[in-house]
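One structure is given below, encoded as structure tokens.
Chain A is the first sequence line, chain B the second, and so forth, proteins listed ahead of strands; every chain is numbered from 1.
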Amino acid sequence: MADVAVVRADVLAWFDVHARDLPWRAPDRTPWGVLVSEVMLQQTPVVRVEPAWRAWLERWPTPGDLAAAPTSDVLRAWDRLGYPRRALRLQECARTVVERHGGVLPDDEATLLALPGVGPYTAAAVRAFAFGRRSVVLDTNVRRVLARLVAGEALPAPAQTAAETRLAAAWVPDDDATAARWSAASMELGALVCTARSPRCDACPVADRCRWLAAGRPGDLHAHRRRTQAWTGTDRQARGRVMALLRDALGPVPHDAVAAVWPDATQLARCLDALVADGLVARDDAPGDAPDPDAATYRLPH
DNA sequence: AACACGGGGCC
DNA sequence: GGCCCAGTGTT
């Protein structure tokens with residue numbers, strides 16, 4: 001246990017020197033800005049989020065601003081960050097904050113967790129990074145750092161386990177300020193040094209206490225169970241093509257023009273139905289008594 | 001517990 | 001071409 005305190009102190013000291021100057025860490029950031037950054041960073045790398053975050057917060061600085069925006073503007077501003085449902089949920093989140101909390105982001109974890117698009121990670125991250133309070137922030141970086149440092153494994157299990165959560169909680173310092181710094185520091189170590197692909201153990205502040213390094217950096221135990229998500233020819237690729245088309249369109253797009261971006265008509269029809277059901281796309285039927293899918297037009301929702 | 005869900009960059 | 005990225009919501 002004394003070991004934990006020493007390792008933690010070394011990581012914190014490393015963070016004091018090596019922390020990146022990210023805009024959502026600047027002194028003038030707002031809690032809402034922190035939440036926006038966390039949602040954008042859900043599966044999108046920092047380098048791509050940074051410029052998008054600056055433009056987004058300049059355009060919609062508060063929950064009230066985003067709540068009042070046309071959804072089509074929100075989806076266009078999201079651009080190619082990926083998983084556009086996050087943009088939709090971020091606006092729903094803004095509207096919920098306005099309606100339920102008077103436009104002020106709540107600071108307790110359970111209330112944050114109840115917001116659209118906010119799951120266990122984001123609720124804990126906002127609690128720590130926006131409000132400086134103790135929480136167990138367990139993302140892919142922290143999972144990997146602890147897997148190597150403590151468990152001596154190359155990578156964490158594909159799915160997060162209860163044991164991991166307990167371990168992570170045991171590593172979070174008791175007091176709010178240090179806990180929040182530890183959360184940022186352990187994530188940063190995973191992002192900059194203890195990376196998934198080619199870890200820079202020579203630059204690691206706790207390399208001398210790392211069980212994985214001591215064991216000679218053995219390979220991934222779970223490699224045989226990991227299954228990469230398919231991409232080419234999938235519904236996700238088809239949906240992406242449609243969204244890109246509608247983002248760039250100035251007005252409603254006729255069905256024929258939509259069909260031109262995807263060769264498989266059956267698959268496209270299924271994806272369009274799903275996009276409409278998800279609220280990412282609006283379909284306007286042509287005037288007449290029998291709605292004809294081929295005569296409909298498509299656009300981003302208002 | 002398993003799946004669906006974008007997009008880009010790196011090895 | 002496989003792998004990874006500050007995950008969430010649904011089934």
Side-chain angles (χ1 to χ4, degrees), chain A residues 15 19-20 22-25 33-53 75 78-90 92-93 112-130 135-145 154-162 168 180 182-192 194-199 219-220 222-247 267 270-271 274-275 277-281:
Chain A
F15 183 64
R20 290 168 291 182
L22 299 171
W24 45 89
R25 289 175 177 165
V34 171
L35 187 147
V36 171
S37 79
E38 294 302 341
V39 172
M40 288 183 170
L41 287 163
Q42 294 168 1
Q43 303 287 281
T44 303
V46 168
V47 286
R48 292 172 55 203
V49 165
E50 191 166 345
W53 184 89
L75 290 171
W78 195 258
D79 196 39
R80 296 182 171 186
L81 289 180
Y83 292 146
R85 296 196 289 195
R86 289 182 294 160
L88 224 45
R89 294 200 183 110
L90 185 56
E92 292 168 17
C93 178
L112 286 165
L113 195 52
L115 296 171
V118 176
Y121 163 76
T122 302
V126 169
R127 170 98 171 145
F129 305 145
S135 66
V136 181
V137 178
L138 190 51
D139 77 323
T140 188
N141 290 303
V142 178
R143 292 187 67 211
R144 188 173 55 249
V145 167
L155 294 172
Q160 192 176 311
T161 65
W182 163 253
S183 292
S186 52
M187 285 176 63
E188 195 79 335
L189 187 66
L192 297 183
C194 195
T195 60
R197 205 74 61 89
S198 33
D220 179 14
H222 310 92
H224 59 290
R225 292 189 46 213
R226 297 183 199 277
R227 186 174 62 81
T228 180
Q229 287 181 310
W231 174 242
T232 305
T234 59
D235 285 8
R236 288 166 64 219
Q237 187 184 28
R239 291 166 57 108
R241 289 263 185 90
V242 171
M243 291 303 294
L245 175 70
L246 300 188
R247 275 198 308 268
Q267 186 180 19
R270 176 175 73 237
C271 290
L275 286 168
D278 288 348
L280 287 166
V281 168

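A/Thr122 comes within 4.0 angstrom of the backbone, heavy atoms only, and of no base. Residue contacts shown for A/Arg270 are absent, as no nucleic acid heavy atom lies under 4.0 Å away. Among the heavy atoms of the strands, none lies under 4.0 Å from A/Ala125. Using a 4.0 Å heavy-atom criterion, one finds that A/Trp78 contacts no nucleic acid atom at all.
Counting heavy atoms of neighbouring residues, nucleotides and ligands inside a 6.0 Å radius, atom CZ of A/Arg80 does not exceed 12 of them.
Of the candidates C/dA6, B/dG7, C/dG7, the closest approach to any side-chain atom of A/Trp231 belongs to B/dG7.
Of the residues in residues 136-143 of chain A, none lies under 4.0 Å from DNA chain B by heavy-atom distance.
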>> One pair to check against side-chain hydrogen bond (donor to acceptor under 3.5 Å, both in side chains): A/Gln42 and A/Tyr121. What are the steps and the verdict?
In response: CA-CA 9 Å; A/Gln42 294 168 1; A/Tyr121 163 76; over 6 Å; no

>> Determine whether A/Arg20 and A/Glu50 satisfy the following criterion, salt bridge (charged side-chain N to carboxylate O under 4.0 Å, His left out), listing intermediate values before the conclusion.
In response: CA-CA 12 Å; A/Arg20 290 168 291 182; A/Glu50 191 166 345; over 6 Å; no

Filtered N/O pairs between nucleotides 9-11 of chain C and protein, under 3.5 Å:
{"residue": "C/dG9", "atom": "OP1", "partner": "A/Gly117", "partner atom": "N", "Å": "2.7"}

So which protein nitrogen or oxygen atoms get under 3.5 Å of nucleotides 8-11 of chain B's nitrogens or oxygens?
{"residue": "B/dG8", "atom": "OP1", "partner": "A/Arg80", "partner atom": "NH1", "Å": "2.9"}
{"residue": "B/dG8", "atom": "O4'", "partner": "A/Arg48", "partner atom": "NH1", "Å": "3.4"}
{"residue": "B/dC10", "atom": "O2", "partner": "A/Arg197", "partner atom": "NH1", "Å": "3.4"}

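Atom-to-atom, CG of A/Leu192 to P of C/dC5 comes out at 13 Å; the value is rounded to the nearest Å.
Between A/Asp79 and A/Ala159, the residue anchored closer to the 5' end of DNA chain B is A/Ala159, taking for each the nucleotide with the nearest heavy atom. Residue A/Gln160 is the one, among A/Gln160 and A/Gln42, whose nearest nucleotide of DNA chain B lies closer to the 5' end (criterion: closest heavy atom).
At B/dG6, none of the side-chain N or O atoms of A/Arg241 fall inside 4.0 Å of OP1 or OP2 (strictly under the cut-off).
Nucleotides B/dA4 and C/dA6, compared at atom P, are 23 Å apart to the nearest Å.
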